[in-house]
Amino acid sequence: MNFSMSGQPRGLVLSIRVAVFCAAVPLALCLAGSAAYALSEIKREDLPSPVAPPPDDDMSPPGTAVPMPDPPGTTPPAGSQPTPPGEPEQVDPEGPADDGGMANPRADPDEPLPEVVYDLGKLPEPVRRMHDLIVEACKSGDIERLRPLIGKGDTMTQLSLSEIEGDPITFLKGLSGDTEGQEILAIMEEVLNAGYVHVDAGTPQDLYVWPYFFALPLDKLDARQRVELFKIVTAGDYDSMKQFGAYIFYRVGITPDGQWAFFVAGD
């Protein structure tokens, strides 16, 4: 019987390869595990430490907190608002002009109610003429037409309860919501279209004043008169003035000799 030896080397080689492979697999797994372990250690070392949340449950980033506004009606303390660069520092106006209180409201609840007059024909001629000239200037839309009526010097029309500085027409434009002063012209015309009262007759404070609310307690206005009032002011203004106790919106006063005494608002 003959035996072939040709298959022995091939079987030996195959056995060696199997043995090498079996030894290599655990080694590769071991090396891979070590590398992964080292990599995980590097990443953990590079990660930043956890950041603790800010106190009081404030999750906003540092430096971004916005202060809450002051409660409504709170007046900021003097000097708390810095003057913007390039703008002149604001100066408080001087005290009220010494006009004897002619422009102040005359609503005295203990006095008899004055007569409310609508007929312009009952006005003295100088008063009627000044009234009509002011209304014509208002209707023109050109506030400069008030300049000769306002005058200058000691007889200049009072335009504020405190002293004003500079040009009176510029001052009136500053009161207006638009740049040309047409809103203030509209208010002036509406005031002069209302009824009027004659107050302090025969005294140095003798005046014809528009609107008549100037001399009437607001709580004594009837429904018709409140409608006339709302042509000049809003319901919110009316509520505020009731708390004050008198009409304190714009009013016009003209002396019996036709001098335009005042156009002011406030108390």
**From CG (Leu149) to CD1 (Ile254), nearest 0.5 Å** = 9.5 Å
**Message:** Let me confirm one number: the CG-CZ distance from Leu120 to Arg128, rounded to the nearest 0.5 Å.
**Reply:** 5.0 Å
**Asked** Going by distance alone, is a donor N or O of one side chain under 3.5 Å from an acceptor N or O of the other, for Asp237 and Thr234?
**Response** yes
**Request:** Compare all side-chain heavy atoms of Leu146 with those of Met188 and state whether any distance is below 4.5 angstrom.
**Result:** yes
**Message:** Can you classify the ring geometry of Phe230 versus Tyr238 as parallel (below 30°), tilted (30 to 60°) or perpendicular (above 60°)?
**Reply:** perpendicular
**Prompt:** Tell me, do Ser176 and Leu185 make a side-chain contact under 4.5 Å, heavy atoms counted?
**Reply:** no
**Message:** Quick check on ring-ring contact (aromatic ring centres under 6.0 Å, His included): which of Phe263, Tyr196, Tyr118, Tyr250 does Trp210 satisfy it with?
**Reply:** Tyr196
**Prompt:** What is the distance from atom CG of Leu229 to atom CG of Leu221, rounded to the nearest 0.5 Å?
**Reply:** 6.5 Å
**Message:** Taking the basic N atoms (NZ, or NE/NH1/NH2) and the acidic carboxylate oxygens, is any pair closer than 4.0 Å for Glu228 and Arg224?
**Reply:** yes
**Asked** When you look at Ile169 and Glu144, which way does the side chain to side chain contact (heavy atoms under 4.5 Å, CB included) test go after all the steps?
**Response** CA-CA 7 Å; Ile169 297 301; Glu144 279 291 337; 3.8 Å; yes
**Beyond-backbone contact of Pro211 with Ile232, side-chain heavy atoms, under 4.5 angstrom** = yes
**Request:** State, yes or no, whether a side-chain contact exists between Val117 and Val197 at a heavy-atom distance under 4.5 Å.
**Result:** no
**Asked** Should Leu159 and Leu175 count as side-chain neighbours, where that means a heavy-atom distance under 4.5 Å?
**Response** no
**Asked** Going by atom types only, do Ser140 and Asp142 share a side-chain donor-acceptor pair under 3.5 Å?
**Response** no
**Complete:** To the nearest 0.5 Å, atom CD1 of Ile187 lies from atom SG of Cys138 at 10.5 Å
**Message:** Students often mix this up, so state it plainly: with edges at 30° and 60°, are the rings of Phe249 and Tyr247 parallel, tilted or perpendicular?
**Reply:** perpendicular
**Asked** Distance from Met156 atom CE to Ile164 atom CD1, nearest 0.5 Å?
**Response** 4.5 Å
**Request:** Keeping the roles fixed (side chain from Asp200, backbone from Thr203), state whether a donor-acceptor pair exists under 3.5 Å.
**Result:** no
**Prompt:** What class does the angle between the rings of Tyr208 and His198 fall in, given that below 30° is parallel, 30 to 60° is tilted and above 60° is perpendicular?
**Reply:** parallel
**Asked** Looking only at heavy atoms, which two atoms of Trp260 and Gly253 are closest? And how far apart?
**Response** CD1-O, 3.5 Å
**Request:** Please check if the side chain of Glu183 supplies one atom and the backbone of Gly177 the other of a donor-acceptor pair under 3.5 Å.
**Result:** yes
**Request:** Say whether, by atom type as modelled, one donor and one acceptor occur between the side chain of Gln225 and the main chain of Asp222 under 3.5 angstrom.
**Result:** yes
**Prompt:** Are any non-hydrogen side-chain atoms of Arg251 and Val264 less than 4.5 angstrom apart?
**Reply:** yes
**Prompt:** Just wondering, more than 12 heavy atoms not from Lys242 lying within 6.0 Å of its NZ?
**Reply:** yes
**Message:** How about NZ on Lys220, more than 12 heavy atoms from neighbouring residues, nucleotides or ligands closer than 6.0 Å, or not?
**Reply:** yes
**Request:** Identify the two heavy atoms, one from Pro124 and one from Pro256, that lie closest to each other, and give their separation to 0.1 Å.
**Result:** CB-O, 4.2 Å
**Item:** Close side-chain approach of Asp167 to Arg147, heavy-atom, < 4.5 Å
**Value:** yes
**Request:** For the residue pair Phe262 and Leu161, establish whether any side-chain heavy-atom pair is separated by less than 4.5 Å.
**Result:** no
**Prompt:** From Lys231 NZ over to Arg226 CZ, what is the distance, rounded to the nearest 0.5 angstrom?
**Reply:** 15.0 Å
**Message:** Would the distance check show the side chain of Gln259 and the main-chain N or O of Thr155 forming a donor-acceptor pair, the cut-off being under 3.5 Å?
**Reply:** yes
